[in-house]
Amino acid sequence: MSAVGAIGLEAPARIETGPGALDKLGEIARGLGSHALLVTGRSNRHARAADLLEAAGLRWTRFAVDGEPTVATARAGTEAARAAGCDLVIGFGGGSALDAAKAIAALVANGGDPLDYLEVVGRGQALTRPSLPFIAVPTTAGTGSEVTKNAVLASPEHGVKASLRSPLMMARAAIVDPDLLAGLPPAVIASSGVDALSQVIEPFLSIRANAATDPLAREGIRRSAAALPRAHAAARAGKPIDPEDRQALAQTSLLGGLCLANAGLGAVHGFAAPLGGMFAAPHGAVCAALLPAVLRVNAHAVAARAPDGVAQARLRELAPMLTGRDDASIGAGIDWVSALCRDLEVPGLAHYGMNAARIPELVAKARVASSMKGNPLPLTDDELAEIAATSL
Ligand SMILES: [Zn+2]
């Protein structure tokens with residue numbers, strides 16, 4: 001993190017937030033194209049979006065994504081957009097639908113195959129042409145994909161997830177309407193909510209943290225810590241989530257996307273990338289399982305090797321923001337996160353098939369993951385193995 005307070009922020013040109021923001025979809029879409037590829041999840045929650053497009057005089061073609069997107073998903077969506085003559089792509093759904101839409105918008109404009117551009121397992125060529133205009137409408141509050149410039153695709157043949165990444169992939173508009181979170185099941189609120197929390201905590205502790213992202217991260221940490229336990233309790237009791245808590249969750253996700261795109265992440269996401277490739281485990285759930293152990297091991301490492309550094313000061317600042325208590329110690333902050341994950345019934349990594357025998361393989365992959373570079377300090381293989389073992 002910069003001691004001189006460097007500022008840097010990339011974001012979509014237009015971000016609409018708040019209850020009813022979805023109503024602006026037709027007007028925004030009309031300014032960007034005439035025939036939209038509407039990329040959605042499996043459910044049929046997109047009817048309202050389709051109505052808004054039709055009322056604004058646009059045609060639309062649906063492309064449904066089943067689970068987290070793969071290289072094959074991106075190929076099929078690109079084909080569908082070309083066949084229908086789409087000049088605009090709208091992602092309407094969770095992170096899977098948004099990432100698929102973002103990849104499709106880039107591939108239609110640039111031609112070629114996803115593996116030409118994919119990091120790590122592909123050829124990693126740079127995208128050279130701006131994506132088709134892309135509008136992101138999240139219906140969960142986790143990934144922040146609506147404001148990031150990468151799309152994560154799984155490559156089952158390589159057993160990893162990797163990104164298409166370019167500033168040219170940024171959405172032209174993000175529409176973040178907390179009313180779309182109504183009716184989410186408690187397990188989705190838990191995994192996506194702790195993922196969003198990790199996506200404001202990791203950029204705050206990142207070595208790339210900067211003066212533009214810090215205030216956004218602090219805001220997200222406070223809002224999420226207050227709202228997430230209440231929202232989960234309401235959903236578990238079958239009650240509607242308080243509108244202000246819905247708003248806080250939606251905004252934490254958005255703030256997390258802005259922070260991670262501009263300040264990087266850390267060990268939680270360094271592990272999440274290879275785990276997502278090794279097992280059929282949803283991204284948010286994996287991040288939620290890892291967050292307590294990553295904080296604990298990082299805090300130990302920082303206390304041992306950099307006790308007077310910026311990371312130590314950041315960890316100290318984190319605890320009161322999480323707990324709401326000014327005198328909370330670093331340990332109390334981490335205990336609060338552990339208790340939150342217990343209360344939210346976040347399953348461990350074993351739930352997705354991870355076991356002790358595969359820890360060396362996981363550590364070898366996590367060590368070189370791009371997100372690991374943001375971690376407040378480099379962790380040893382023993383420390384990485386401890387995180388994996390504690391998160392089982
Ligand atoms: Zn995440």
Side-chain angles (χ1 to χ4, degrees), residues 67-69 91 93-100 102 119 136 138-154 160-165 174 176 184 187-206 208-209 213 216-217 220-221 223-225 228 249-295 298 337 340-341 344 346-347 349 352 362 365-366 369-375 387 391:
E68 298 196 324
S96 297
L98 299 192
D99 275 13
K102 201 188 294 177
E119 294 177 345
T139 62
T140 63
T143 62
S145 173
E146 64 273 18
V147 291
T148 63
K149 56 197 172 202
N150 69 308
V152 180
L153 299 179
V160 294
K161 285 181 181 173
S163 279
L164 295 181
R165 190 186 310 269
V176 182
L184 282 184
V188 173
I189 290 174
S191 59
S192 57
V194 180
D195 183 28
L197 177 61
S198 79
Q199 293 180 174
V200 280
I201 290 178
E202 290 212 297
F204 184 67
L205 300 176
S206 163
R208 287 173 51 208
T213 53
L216 307 183
I221 292 165
R223 286 184 194 208
S224 164
L228 184 51
L249 296 186
Q251 292 187 346
T252 300
S253 173
L254 172 71
L255 293 169
L258 292 169
C259 288
L260 76 89
N262 292 282
L265 290 157
V268 169
H269 285 80
F271 274 108
L275 277 165
M278 290 162 69
F279 305 100
H283 170 82
V286 168
C287 291
L290 287 157
L291 181 60
V294 165
L295 285 175
N298 267 337
V337 172
L340 173 75
C341 289
L344 268 53
V346 169
L349 296 175
Y352 306 101
L362 174 61
K365 287 179 174 170
S370 61
S371 293
M372 197 61 87
K373 297 188 191 102
N375 203 58
I387 291 170
S391 305

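Counting starts at 1 for both ligands and their atoms, in listed order.
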Legend entry - Sequence neighbours excluded, every pair satisfying side-chain hydrogen bond (donor to acceptor under 3.5 Å, both in side chains) that has a member inside residues 254-263: none
Inset, instruction - Can you sort out the partners of S391 under side chain to side chain contact (heavy atoms under 4.5 Å, CB included), two or more places apart, ordered by chain and number? - result: L290, A293, L349, I387
Inset, instruction - State, without any angle test, whether H269 and E202 hold a side-chain donor-acceptor pair at a distance under 3.5 Å. - result: yes
Inset, instruction - Identify the heavy atoms of A272 and V286 that sit nearest to each other, and give their distance. - result: CA-CG1, 3.8 Å
Inset, instruction - Take L228 and L249 through the side chain to side chain contact (heavy atoms under 4.5 Å, CB included) test and state the conclusion after the steps. - result: CA-CA 7 Å; L228 184 51; L249 296 186; 4.1 Å; yes
Legend entry - Pairing residues for S370 by the side chain to side chain contact (heavy atoms under 4.5 Å, CB included) criterion, not counting sequence neighbours: R165, K373
Legend entry - Cut-off under 2.8 Å, centre the Zn ion (ligand 1), protein N/O/S atoms: D195 OD1, Q199 OE1, H269 NE2, H283 NE2
